[in-house]
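Data first, discussion second: the structure below is written as structure tokens.
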Amino acid sequence: MSLTAREYDPRELVPEFVRIYGGRGEDVAVFSSPARINIIGEHIDYNGGKVFPAAINRYLYVAIRKRSDTKVVYNDVRFPGTFEFDINDDFAFDKKNDYANYLNGILSQMKARGCRFGCGFEILMVSNVPAGGGISSSSALECGFAYAVSETFGFGIGRIEIAKLGQMSEHNFMGVNCGIMDQFIIATGKRNFAEMLDCATLEYEYAPLELGDYRFVVMNTNKVRKLADSKYNERRGECEEALRRLRAGGVEIEALCDMTPARWGEVRGIVGEPVLERRVTHCVNENQRVLDAVDALRAGDLARLGSLLKESHASLRDDYEVTGVELDTLADSACAQEGCLGARMTGAGFGGCAIALVHKDSVGSFIENVQREYSAKIGYEAGFFACESGDGVSRLI
């Protein structure tokens, strides 16, 4: 069972563009923007830790062409309705503009940084990235659109700046105080590589993601998330309090993940509260698991990577307490299946997605078996798809 009803063939996009807008297909450019998974490194980006995401081969496509006037026109293959603006507008968030807000947010940030538009343009989009699936469909939209506009108008905005544009649009236009991991990997990702990223400094390095006969399977709980935001803020506050206590006790660190597991073992008594100790234990050990995962992939040791996924989920369940019955059911059932090396929740938790590392010959039976167990316990179906690594934002046509 896929999370989308049909895979859209991007080769159909230019003829569809011409059908809607007229004109010549030769003048239309098409860009792709991937979804992403975070392989390991959860809930530590705001604690000075590293994340380890990869772009995957599920894409959003943006077809674009300049106009002779100053109109900006948006259409989407899957969503009926046309949005029209003027490039000289002072763009502002308006709920009735739906997905167009993400695009207008990017334009507002481009204009704020001095980009000048001599004319308008028209857009036709389509996405094979499941919306609300926890693999960052909104960031794919932001970065894909930003890259398409930058390339079309010759702004030459670099990939890291594309990522920052996406984040600043979320902050300043959409009112969402998100991190930068999603936009960063979507803008800079490379096929057959994952990326170890320090979200504070934006220092990053690529690590080979040679999975051989294995695939990542994304598993969506299909749960409507109600707790994620409030619990996120709660966990963040707990980490800040633990850090305050450690520093007050003489531990010279800027962030929790500055400590190695050995150092944390020496000073944990300073925190003095079991719940806060568990939160720090997750952060410190999860950051080490990121480093270990990079080493495992460089050594081609997929079994070790699978073990780290299992350890990460157990830590998120027991020490950070952000999983819930739906994610635990997916992870536990996945790990019990033949051909699965490991699984864990990914994202904020309390719903959303998990990932599993599964042998390609076992993917069909894996999905069938996990679906059956999940439905029996939870009462409704999960969503599944297998994926491989993909490229970051790119021009296709």
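When the salt bridge (charged side-chain N to carboxylate O under 4.0 Å, His left out) test is applied to R304, the partners found at least two apart in sequence or on another chain are D292, E311. Partners of E234 under the salt bridge (charged side-chain N to carboxylate O under 4.0 Å, His left out) rule, at least two apart in sequence or in another chain, are K231.
A 4.5 Å side-chain heavy-atom check between L246 and V267 finds at least one atom pair inside the cut-off. Between Y46 and R235 the shortest side-chain heavy-atom distance falls below 4.5 Å. Two residues are said to be in side-chain contact when any heavy atoms from C-beta on lie closer than 4.5 Å; V73 and F83 fail this criterion. When side chains are defined from C-beta on, M219 does not count as touching L327, because their heavy atoms never get closer than 4.5 Å. The shortest distance between side-chain heavy atoms of L165 and E142 does not fall below 4.5 Å. Looking only at side-chain heavy atoms (C-beta outward), R244 and E241 come within less than 4.5 Å of each other. Looking only at side-chain heavy atoms (C-beta outward), C257 and K50 stay at 4.5 Å or farther from each other. A heavy-atom distance below 4.5 Å is not found between the side chains of Y380 and S375.
A donor atom on one side chain and an acceptor atom on the other are not found under 3.5 Å apart for D319 and T281. Remark: the N233 side chain and the R236 side chain contain no N/O donor-acceptor pair separated by less than 3.5 Å. Remark: the T70 side chain and the D86 side chain contain an N/O donor-acceptor pair separated by less than 3.5 Å. Of the N and O atoms on the side chains of T152 and R65, not one donor lies less than 3.5 Å from an acceptor on the other residue. Looking only at atom types and distance, the side chain of S362 has no donor-acceptor partner in the side chain of Q337 under 3.5 Å away. Residues S312 and E286 bring a donor and an acceptor atom of their side chains to less than 3.5 Å of each other.
Summarising the local packing, CD of E26 is surrounded by more than 12 heavy atoms from other residues, nucleotides or ligands at distances under 6.0 Å.
From L309, atom CG reaches atom CZ of F216 across 6.0 Å, with rounding to the nearest 0.5 Å. Rounding to the nearest 0.5 Å gives a distance of 9.5 Å between CD1 of I56 and CD1 of I186. Put simply, NZ on K223 and SG on C353 are 13.5 Å apart, with the number rounded to the nearest 0.5 Å. With rounding to the nearest 0.5 angstrom, the CD1 atom of I185 is 9.5 Å from the OH atom of Y204. Summarising the geometry, atom CZ belonging to R344 is positioned 9.0 Å from atom CZ belonging to R289; distances are rounded to the nearest 0.5 Å. Distance check: R191 CZ to N57 CG gives 6.0 Å after rounding to the nearest 0.5 Å.
No donor-acceptor pair closer than 3.5 Å links the side chain of R279 to the backbone N or O of C239. The main-chain N or O of A140 is found under 3.5 Å from a side-chain atom of S33 such that the two form a donor-acceptor pair. Between the E321 side chain and the L316 main chain, no donor and acceptor come within less than 3.5 Å of each other. Counting only distance, with no hydrogens or angles, the side chain of S108 and the backbone of G105 share a donor-acceptor pair below 3.5 Å. At distances below 3.5 Å, at least one donor-acceptor pair connects side-chain atoms of Q371 with backbone N or O atoms of A382. Looking only at distances, a side-chain donor or acceptor of K111 sits under 3.5 Å from a matching main-chain atom of I87. Side chain of D258 to main chain of A255: a donor-acceptor pair is present (N/O by atom type, distance under 3.5 Å, no hydrogens or angles). At distances below 3.5 Å, not a single donor-acceptor pair connects side-chain atoms of N101 with backbone N or O atoms of F93. A donor-acceptor pair under 3.5 Å links the side-chain atoms of Y374 to the main chain of T221, judged by distance alone. A donor-acceptor pair is defined here as one N or O able to donate and one able to accept, closer than 3.5 Å; no such pair exists between the side chain of N369 and the backbone of R372.
Taking 4.0 Å as the cut-off between side-chain N and carboxylate O, E195 and K190 do not count as a salt-bridged pair. A salt bridge does not link D76 to R78: none of the charged side-chain nitrogens sits closer than 4.0 Å to a carboxylate oxygen. With salt bridges taken as basic N to acidic carboxylate O contacts below 4.0 Å, one links D182 and R36. For the pair R247 and E240, the salt-bridge criterion is not met [side-chain N within less than 4.0 Å of a carboxylate O]. R67 has a carboxylate O that lies under 4.0 Å from a charged side-chain N of D69, or vice versa, which qualifies the two as a salt bridge. Between K377 and E326 there is no salt bridge, since no side-chain N of the basic residue sits under 4.0 Å from a carboxylate O of the acidic one.
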Verdict with reasoning, E388 to L209, per side chain to side chain contact (heavy atoms under 4.5 Å, CB included): CA-CA 9 Å; E388 300 174 43; L209 191 60; over 6 Å; no

R395 vs E151, salt bridge (charged side-chain N to carboxylate O under 4.0 Å, His left out): CA-CA, chis, key distance, verdict: CA-CA 9 Å; R395 180 168 180 169; E151 292 296 296; over 6 Å; no

Working for side chain to side chain contact (heavy atoms under 4.5 Å, CB included), residues I106 and L103: CA-CA 5 Å; I106 292 293; L103 311 184; 5.8 Å; no

Worked check of side chain to side chain donor-acceptor pair (under 3.5 Å) between N75 and T82: CA-CA 5 Å; N75 275 285; T82 300; 2.7 Å; yes

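When the options F85, F155, F91 are evaluated for a ring pair (Phe, Tyr, Trp, His ring centres under 6.0 Å) with F117, the one that passes is F155. Between W264 and the options N285, V251, V284, a side-chain contact (heavy atoms from CB on, under 4.5 Å) holds for only V284. Remark: of the listed residues L308, I40, I39, V51, I40 is the sole one forming a side-chain contact (heavy atoms from CB on, under 4.5 Å) with V290.
Between F121 and F145, the two ring planes are tilted [angle within 30° to 60°]. The aromatic rings of Y74 and Y99 sit tilted relative to each other, their planes meeting at an angle between 30° and 60°. Classified by interplanar angle (parallel below 30°, tilted 30° to 60°, perpendicular above 60°), the ring pair Y320/H43 is tilted.
Residues Q183 and A163 approach most closely at CB-O, 3.4 Å, considering heavy atoms. Taking every heavy atom of both residues into account, E238 and V275 meet most closely at OE2-CG1, 4.1 Å.
For Y8 and Y59, the ring centers sit 6.0 Å or farther from each other.
In this structure, R116 fails the cation-pi test against F153, since its NZ or CZ atom is not both closer than 6.0 Å to the six-membered ring centre and inside 45 degrees of the ring normal.
Within the structure, the ring-ring contact (aromatic ring centres under 6.0 Å, His included) test picks out no pair touching residues 290-313 (sequence neighbours left out).
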